[in-house]
Amino acid sequence: MKLIIHGGFFSESQTNQEVKKAKQDALLEIVHLGHKYLEHHTAAQTVVYTVRLLEDCDLFNAGTGSQIQSDGKIRLSASLMDGKTQKFSGVINIEDVRNPICVAEKLMDYEDRVLSGNGACDFAKQNGFKYFNTEIPQRRKEYEKKLSDSIRLGTVGAVALDIYGDIAAATSTGGKGFEIPGRVSDSATTAGNYANAFAGISCTGVGEDIVSGSVATKIVTRVTDGMPLSIATEKTLDEMKPYDGFAGIIGISSHGDIYHADTHPYMVWALHDGEAEVFE
């Protein structure tokens, strides 16, 4: 049983030591809870559970604490990929829900498994997801001051390998902030969140760069073809260099290999493979 999670890049918010310590503590607590949950649940159930905890922590840019778009509204995206069933589900630019990853999970049982905008919002309401305002004062202040792009790079994600040998990945984001309404991030696409029987990957960074590189899909495909997870990751990230692509990944292979990497310093992460470890 193995689990790795991320909370986006440290530069997504304040960069002082107090915030760094808070994120380390939060990620350690969540990865401990997630790994304990994994003892009695599937990989797919565990990544949803873990990402939900990350969405509920306002230190990260997903769920509560998400960035505000250029028109003053918060829109969330999230997806779930079950490596065992090879099914993908997601929501794009959904509003007024606490945990978009739970809406994505609900869609797994439907033929139409990726919904956006009003359709995603209506689906959530029809399925009992209550209205929830994810805005926090810090994000409103950032929005009003129109902070620079360099601090708006954040997402949360989880990849798990369960006792059955199955892998799943889940990713959730509150966007990059100040984007054009309707902009689609990588988080609810297979470029940013992908898994099969051989590996699972969750991405964070600049969505456009991640989509351009088909990062998660490419890494998993290479692992499927026999390449070690670390080499597949580094090769894929190297291919982003021509356009200075900004990305970070967490991943697990079916062999139990855990890997994390980023193109720019530095992604915040935690893992648990019997012992917990967190970024420094």
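Predicted, not measured: the structure shown is a model, and the values here were computed from it.
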Sequence neighbours excluded, which residues qualify as salt bridge (Lys or Arg N to Asp or Glu O under 4.0 Å) partners of Asp257? none

Under 3.5 Å, sequence neighbours excluded: what are the donor-acceptor pairs made by side chains of residues 88-95?
residue	atom	partner	partner atom	Å
Ser89	OG	Ala104	O	2.6
Asn93	ND2	Arg183	O	3.1
Glu95	OE2	Arg75	NE	3.4

Consider only side-chain N and O atoms of Glu234 and Tyr259, and report whether a donor and an acceptor are under 3.5 Å apart. yes

Is there side-chain contact between Thr50 and Leu3, with at least one heavy-atom pair below 4.5 Å? yes

Sequence neighbours excluded, every pair satisfying salt bridge (Lys or Arg N to Asp or Glu O under 4.0 Å) that has a member inside residues 271-280: none

Using salt bridge (Lys or Arg N to Asp or Glu O under 4.0 Å) as the criterion, list what pairs up with Lys218, not counting sequence neighbours. Glu239

Taking only residues two or more places apart in sequence or in another chain, which ones pass salt bridge (Lys or Arg N to Asp or Glu O under 4.0 Å) with Lys130? none

Contacts of type salt bridge (Lys or Arg N to Asp or Glu O under 4.0 Å), residue Arg113, not counting sequence neighbours: none

Could you pull out all residues at least two apart from Ala199 that satisfy side-chain contact (heavy atoms from CB on, under 4.5 Å)? Val220, Val223

Salt bridge (Lys or Arg N to Asp or Glu O under 4.0 Å) pairs, two or more places apart, involving residues 41-66: Asp56-Arg98

Does Glu18, at its CD atom, have more than 12 non-hydrogen atoms belonging to other residues, nucleotides or ligands within less than 6.0 Å? no

For residues 117-128, please give each side-chain donor-acceptor pair under 3.5 Å, one per line with the distance, not counting sequence neighbours.
residue	atom	partner	partner atom	Å
Asn127	OD1	Tyr110	OH	3.3
Asn127	ND2	Phe123	O	2.8

Could you work out the complete set of other residues in the hydrophobic cluster of Phe132, with links drawn between I, L, V, M, F, W and Y side chains under 4.5 Å apart? none

Crowded around Glu29 CD? As in, over 12 foreign heavy atoms under 6.0 Å? no

Checking Asp262 now: which residues fulfil side-chain contact (heavy atoms from CB on, under 4.5 Å) with it, not counting sequence neighbours? Phe9, Tyr266, Met267

Residues in side-chain contact (heavy atoms from CB on, under 4.5 Å) with Ala276, at least two apart? Leu28, Val31, His32, His272

